[in-house]
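Throughout, protein chains are lettered first and strands after them, A, B, ... in sequence-line order, and every chain is numbered starting at 1.
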Protein chains: 2
Amino acid sequence: MVRKAKRGFMRRGKILNTPAIRRMPTYLHKLLKMRLEGKVSVSSTELAEYMNIELIVVRKDIALTGISGQRRVGYDINELIRYIKNYLGWQDTISATLIGAGSLGSALLGYDDFNHYGFGIESVFDADPSKIGKEIRGREVFDIATLESRLKNSPPEVAVICVSSAAAQQVADKLVAIGIKYIWNFANVALQVPPGVVVQREVIAGGLAMLGVRMKLDREHDTGVAFD
Amino acid sequence: MVRKAKRGFMRRGKILNTPAIRRMPTYLHKLLKMRLEGKVSVSSTELAEYMNIELIVVRKDIALTGISGQRRVGYDINELIRYIKNYLGWQDTISATLIGAGSLGSALLGYDDFNHYGFGIESVFDADPSKIGKEIRGREVFDIATLESRLKNSPPEVAVICVSSAAAQQVADKLVAIGIKYIWNFANVALQVPPGVVVQREVIAGGLAMLGVRMKLDREHDTGVAFD
DNA sequence: TGCAAATAGATATTTTTTTATCTTTTTATT
DNA sequence: AATAAAAAGATAAAAAAATATCTATTTGCA
């Protein structure tokens with residue numbers, strides 16, 4: 001029996017497969033490594049074994065990128081790298097600024113894969129006088145008070161927030177003010193931003209939550225249930 | 001991991017609602033803050049507005065914890081905190097060791113919320129001679145060569161891997177050898193571990209992938225589609 | 001008192017994601 | 001050349017997650 005929805009659904013056109021998108025960098029990392037090792041093709045079986053996930057998931061994910069493989073052989077590694085990057089919008093370099101030069105910010109600056117992913121952090125800001133003017137991983141740390149004047153003329157596409165949760169909203173407001181539309185937020189707060197501004201939030205403790213639940217389940221009775 | 005059902009299907013006794021579990025720490029963080037501010041009850045409406053997600057999602061998530069709310073009022077904050085912690089298996093302290101005292105490891109050591117979440121990093125190991133013996137965030141860094149002798153008698157429940165991707169598998173092998181069953185892996189590799197050992201992997205670039213896809217979609221045609 | 005509004009709780013439906021199964025192609029082997 | 005096996009590709013089904021809708025309860029207020 002069909003019951004008519006009052007206002008119907010906004011069809012999204014099936015564009016954002018979140019879990020699949022999140023798996024892509026892992027494929028990419030492995031593929032880049034395989035390419036360095038001189039390999040030229042890869043099967044979904046191989047990737048599934050590496051990732052410890054079901055073969056069919058890998059095939060579906062790869063299909064999302066639109067690539068064609070060769071039966072009985074697999075996919076051309078170079079081509080697959082290109083297709084994944086393209087699917088993720090990583091074909092050209094994404095310009096970024098980092099706000100917060102603490103240990104997390106420093107870790108991100110040192111994250112080698114960003115080079116391969118075309119993610120370029122071009123400037124670093126902090127409010128801590130003991131950090132301003134110093135270099136972190138080869139980049140000068142600017143006073144956050146100068147953020148507007150330094151960036152407003154050609155703001156980067158993305159801002160990465162690595163400040164304390166107490167300071168994050170204030171930082172976000174500044175970023176919005178200079179026209180930044182994409183924020184990657186590592187602070188432990190849900191930022192309030194105007195419509196049109198996209199916030200991608202990283203909740204570090206999310207993984208700990210998964211671990212906790214799994215430990216609890218194991219304690220209760222051991223099951224062979226897979227989880228991610 | 002290979003779960004082969006020739007025909008029909010296997011019923012999973014337990015359900016793991018991954019997205020819901022990952023949202024829990026965010027609720028928890030907000031609730032802890034509200035409690036500090038002296039609030040005693042909270043409605044799902046309030047939490048939904050804070051999180052920028054649908055009200056009904058919040059209600060479903062809260063229902064998972066098994067708490068009962070009061071109609072027209074909401075949930076008792078203290079009680080909800082307790083229920084969420086319990087749902088996540090965070091009611092007692094989880095003992096942990098950290099391998100890798102670089103900037104990411106340091107960031108985790110400084111992550112205040114872990115205290116509230118009952119996650120206790122009790123020891124820190126590194127292979128870098130320039131770090132061994134030094135203190136990081138008040139903790140002495142031990143030589144990873146001493147990992148076995150120091151931990152084998154009473155291994156912590158969880159090990160956090162914050163070493164380079166090149167070293168991660170080797171570290172994981174050591175951890176498995178001393179009987180650690182839960183690994184929280186921040187290195188950019190899929191670790192190979194024996195059955196029974198649980199690896200929770202944090203893929204930092206996953207969020208960047210989401211951002212990239214969103215930017216691409218916006219470029220192609222501006223839509224008002226929400227995403228996470 | 002009675003009504004409106006806010007909210008939890010329950011149920012139903014839709015959409016998304018994962019998993020299963022079937023089909024085709026290609027390669028290696030006998 | 002025939003055959004078997006490995007892999008992609010296609011289709012179908014099931015499970016998981018999100019969303020919509022309905023119901024009951026409580027509170028504040030006219």
Side-chain angles (χ1 to χ4, degrees), chain A residues 1-24 40-49 51-77 79-80 83 206 210 213 225-228, chain B residues 1-24 41-49 51-77 79-80 83 210 213 225-228:
Chain A
M1 174 190 355
V2 181
R3 190 146 47 100
K4 203 53 190 301
K6 266 256 167 57
R7 208 148 289 275
F9 271 44
M10 226 45 148
R11 300 245 345 96
R12 313 207 314 185
K14 168 75 173 166
I15 299 170
L16 277 175
N17 185 332
T18 301
I21 293 168
R22 287 189 161 272
R23 283 189 292 266
M24 293 292 174
V40 294
S41 75
V42 64
S43 69
S44 31
T45 312
E46 209 173 343
L47 288 173
E49 270 163 16
M51 304 259 293
N52 292 308
I53 59 178
E54 293 293 327
L55 171 59
I56 186 70
V57 174
V58 176
R59 273 227 275 273
K60 286 276 180 185
D61 288 349
I62 291 176
L64 284 175
T65 69
I67 197 176
S68 278
Q70 197 187 349
R71 294 177 191 205
R72 188 63 216 276
V73 174
Y75 303 89
D76 180 85
I77 288 181
E79 205 185 353
L80 186 49
Y83 270 79
M210 289 298 297
V213 173
V225 173
F227 92 115
D228 63 337
Chain B
M1 187 58 193
V2 183
R3 192 158 50 91
K4 199 67 178 197
K6 268 274 147 61
R7 214 150 257 284
F9 54 92
M10 276 187 191
R11 285 213 44 70
R12 289 184 164 192
K14 284 286 174 178
I15 48 151
L16 276 178
N17 187 333
T18 302
I21 293 168
R22 287 189 162 273
R23 283 188 292 267
M24 294 292 174
S41 75
V42 64
S43 69
S44 32
T45 312
E46 208 173 344
L47 288 173
E49 270 163 17
M51 304 260 293
N52 292 308
I53 59 178
E54 292 295 323
L55 171 60
I56 186 71
V57 173
V58 175
R59 273 228 275 273
K60 286 276 182 184
D61 288 350
I62 291 177
L64 283 174
T65 69
I67 197 177
S68 279
Q70 197 186 348
R71 292 176 190 205
R72 188 63 216 277
V73 174
Y75 303 89
D76 180 84
I77 288 181
E79 205 185 355
L80 185 50
Y83 270 79
M210 289 299 296
V213 173
V225 173
F227 92 116
D228 64 335

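- If you measure from atom CE of A:M51 to atom P of C:dT18, you get 11 Å, rounded to the nearest angstrom.
- In this structure, B:L55 places its CG atom 13 Å from C1' of D:dA18, rounding to the nearest Å.
- For B:S44 and C:dT7, the shortest distance from a side-chain N or O to OP1 or OP2 is not below 4.0 Å.
- In this model, the phosphate group of C:dA6 is not approached by any side-chain N or O of B:S43 to a distance below 4.0 Å at OP1 or OP2.
- Side chain of B:T45, nearest nucleotide from D:dA18, D:dA7, C:dT7: C:dT7.
- Rounding to whole angstrom units, CZ of residue A:R22 and C1' of C:dT16 are separated by 16 Å.
- As a whole-Å value, the separation of A:E54 CD from D:dA14 C1' is 14 Å.
- Rounded to a whole Å, the CG atom of B:L47 is 15 Å from the C1' atom of C:dA6.
- Here A:N17 does not reach the OP1 or OP2 of C:dT16: none of its side-chain N or O atoms lies under 4.0 Å away.
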Dump every N/O contact between nucleotides 10-12 of chain D and the protein below 3.5 Å, one line per pair.
from, atom 1, to, atom 2, distance (Å)
D:dT11, O4, A:K60, NZ, 3.2

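- For residues 54-65 of chain B, the pairs satisfying side-chain hydrogen bond (donor to acceptor under 3.5 Å, both in side chains) are B:R23-B:D61, B:Y27-B:D61, with sequence neighbours left out.
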Each nucleotide N or O in nucleotides 2-5 of chain D that has a protein N or O under 3.5 Å away: list the pair and distance.
from, atom 1, to, atom 2, distance (Å)
D:dA5, N3, A:R72, NH1, 3.4

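- Atom C1' of nucleotide C:dT17 and atom CG of A:L64 are separated by 11 Å, given to the nearest angstrom.
- Here D:dA17 presents its C1' atom at 12 Å from CD1 of B:I53, a figure rounded to the nearest Å.
- The shortest distance between the side-chain N/O atoms of A:Q70 and the OP1/OP2 oxygens of C:dT27 is below 4.0 Å.
- Among residues two or more places apart in sequence or in another chain, the side-chain contact (heavy atoms from CB on, under 4.5 Å) test is passed with B:N52 by A:Q192.
- With sequence neighbours excluded, the residues forming a side-chain contact (heavy atoms from CB on, under 4.5 Å) with A:T45 are A:S43, A:E49, A:L55, listed by chain and number.
- In this structure, the CG atom of B:D61 is 15 Å from the C1' atom of C:dG9, given to the nearest Å.
- Contacts of A:Q70 classified as side-chain contact (heavy atoms from CB on, under 4.5 Å), with partners at least two apart in sequence or in another chain: A:V73.
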